[in-house]
Colleague: 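Structure below; questions to follow.
None of the values given here were measured: they were computed from a predicted structure. One-based numbering, in listed order, for ligands and for the atoms of each. Only heavy atoms go into these numbers, but all of them, side chains included; no hydrogens, no water, no symmetry mates. Counting begins at 1 with the first residue of the sequence.
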Amino acid sequence: MSDPSPTNPASDSPSQTGLRTLAVVVPVFNEQDNLPELCRRVKAACDSVADLTWTMIMVDDGSRDDTVKLAREQHAADGRFHLVQLSRNFGHQAAITAGLAHADADAVVIMDADLQDPPELIPELVAAWREGGQVIMAQRRSRAETGIRRVGFDLFHKFFRWLSDFPIPSQTGVFGLMDREAHQELVKLTERNRFIPGLRAWIGFDQRTVFYDRQDRAAGEPKQTLRRLVRYAMDGVFSFSYKPLRLMMSAGIMVSAMSFVVALYFIIKRIAGYETALTGFTTTIALILFLGGIQLIAIGLLGEYLGRIYDEVKNRPMYIVKRATLDKGVKSAR
Ligand code: UDP
Ligand code: MG
């Protein structure tokens with residue numbers, strides 16, 4: 001109650017006044033063409049916010065170009081830039097997870113390195129946090145991507161909203177901010193096939209959105225191959241919903257019911273004496289193939305869940321750190 005700051009009397013959150021720390025977590029994989037520009041823009045954006053000390057944690061996800069060299073140069077020139085180097089390529093979500101584990105700040109921002117997530121939005125994210133928001137999601141007002149990726153993203157978001165027990169606001173990705181409390185809860189979630197937007201929705205707290213226009217990638221090709229994106233979408237579905245299993249069950253019940261009706265029809269026909277010769281060979285083949293297909297799909301679906309259970313049981317780490325310019329921030333998750 002003795003808070004001297006007159007700025008925002010409505011909230012009792014400690015996050016809004018005084019000097020606060022921010023960590024910007026960025027996964028980088030072969031981003032040599034974007035890195036210098038990214039660092040420059042993040043620095044400019046963060047420096048423009050009053051009462052904020054910041055660090056940026058770049059997580060190198062096994063880059064094979066000059067990304068690491070450039071990141072080291074950034075660190076040498078300005079100690080606020082940090083590099084966590086993974087031992088190989090572990091993927092976007094694992095790299096972010098590594099960055100989150102190394103961040104120790106009042107709030108963390110997650111963003112991609114290709115400048116699709118504009119660093120200039122950071123002040124707005126921080127403002128929403130200072131107003132009391134704990135999980136701030138950056139939501140795209142528009143998207144610059146076109147073609148199959150675009151259609152895929154849109155379809156996935158619709159599908160995910162319908163399927164998931166924890167819907168994420170459509171048009172949000174990893175870009176956003178979490179306060180310390182939310183960040184620490186997220187770090188505690190140790191599941192291996194990670195879908196961070198879903199996990200972030202799952203943890204709850206005061207969730208808010210901020211809008212921005214999504215640009216196309218500034219330089220280079222997308223590093224997430226289409227196959228990876230599809231896998232990522234499947235993680236989103238299978239980690240957050242049992243609906244596929246339930247749908248299979250409904251399909252099974254429907255097919256059984258139908259077959260019962262069809263069988264009854266033929267039996268009555270036979271008893272009434274309308275049919276004597278053996279016909280319906282094509283129908284039989286079609287039905288066998290149809291049911292065989294349904295059964296294989298159902299087994300495949302089970303396999304998706306089973307594989308994920310297997311990943312959990314093996315209990316391998318999500319990533320391995322080769323070298324880092326800062327200590328592990330958040331104390332070990334468990
Ligand atoms: N990335 C990564 N590991 C990977 C693939 C991508 O760390 O295996 C990084 C990449 O450097 C970028 C971010 O993840 O900062 C998003 O990748 P990309 O732009 O290729 O994905 P998209 O925008 O198509 O989802
Ligand atoms: Mg991108």
Colleague: Just which atoms of ligand 1 are under 4.0 Å from any heavy atom in Asp61?
Modeller: 2 (C), 3 (N), 4 (C), 7 (O), 8 (O)
Colleague: Just jot down the ligand 1 atoms closer than 4.0 angstrom to any heavy atom of Phe29, in number order.
Modeller: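 Near Phe29, the atoms of ligand 1 are 1 (N), 2 (C), 3 (N), 4 (C), 5 (C), 7 (O), 8 (O), 11 (O).
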Colleague: Quick one: which ligand 1 atoms are inside 4.0 Å of a heavy atom on Gly91?
Modeller: 3 (N), 8 (O)
Colleague: Can a salt bridge be assigned to the pair Asp78 and Lys43 using a cut-off of 4.0 Å between side-chain N and carboxylate O?
Modeller: yes
Colleague: As an exercise, identify every atom of ligand 1 less than 4.0 angstrom from a heavy atom of Asn89.
Modeller: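 Taking each heavy atom of Asn89 in turn, ligand 1 has 3 (N), 4 (C), 8 (O) under 4.0 Å.
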Colleague: Please verify the inter-ring angle class for Tyr305 with Phe238; under 30° counts as parallel, over 60° as perpendicular, anything in between as tilted.
Modeller: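 Perpendicular: the ring planes of Tyr305 and Phe238 meet at over 60°.
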Colleague: Side chain or backbone of Glu31 under 4.0 Å from ligand 1, or both, or neither, by non-hydrogen atoms?
Modeller: side chain
Colleague: Would you mind telling me if ligand 1 is within reach of the side chain of Asn30, the backbone, both or neither, using heavy atoms under 4.0 Å?
Modeller: neither
Colleague: Distance under 4.0 Å to a non-hydrogen atom of Ala113: what atoms of ligand 1 satisfy this?
Modeller: 12 (C), 15 (O)
Colleague: Given OE1 of Gln116 on one side and OD2 of Asp114 on the other, what angle do they make at the Mg ion (ligand 2), to 10°?
Modeller: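 OE1 of Gln116, the Mg ion (ligand 2) and OD2 of Asp114 span an angle of about 100°.
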Colleague: Between Gln93 and Tyr232, do the side chains contain a donor N or O and an acceptor N or O under 3.5 Å apart?
Modeller: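 Result is yes, a qualifying pair exists.
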Colleague: Can you check whether Ala95 has an N/O within less than 3.5 Å of an N/O in ligand 1?
Modeller: no
Colleague: Looking at Asp47 and Arg80, does any basic side-chain N land under 4.0 Å from a carboxylate oxygen?
Modeller: yes
Colleague: Which of the atoms in ligand 1, numbered in the order shown and given with their element, are less than 4.0 Å from a heavy-atom of Gln116?
Modeller: 19 (O), 23 (O)
Colleague: So is Arg270 actually on top of Phe266's ring, under 6.0 Å and inside 45° of the axis?
Modeller: no
Colleague: Taking the six-membered ring for Trp and the single ring otherwise, decide whether the centroids of Trp202 and Phe195 are under 6.0 Å apart.
Modeller: no
Colleague: Going by an N to O cut-off under 4.0 Å, is there a salt bridge joining Glu312 and Arg308?
Modeller: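 Not counted as a salt bridge, because no side-chain N and carboxylate O are separated by less than 4.0 Å.
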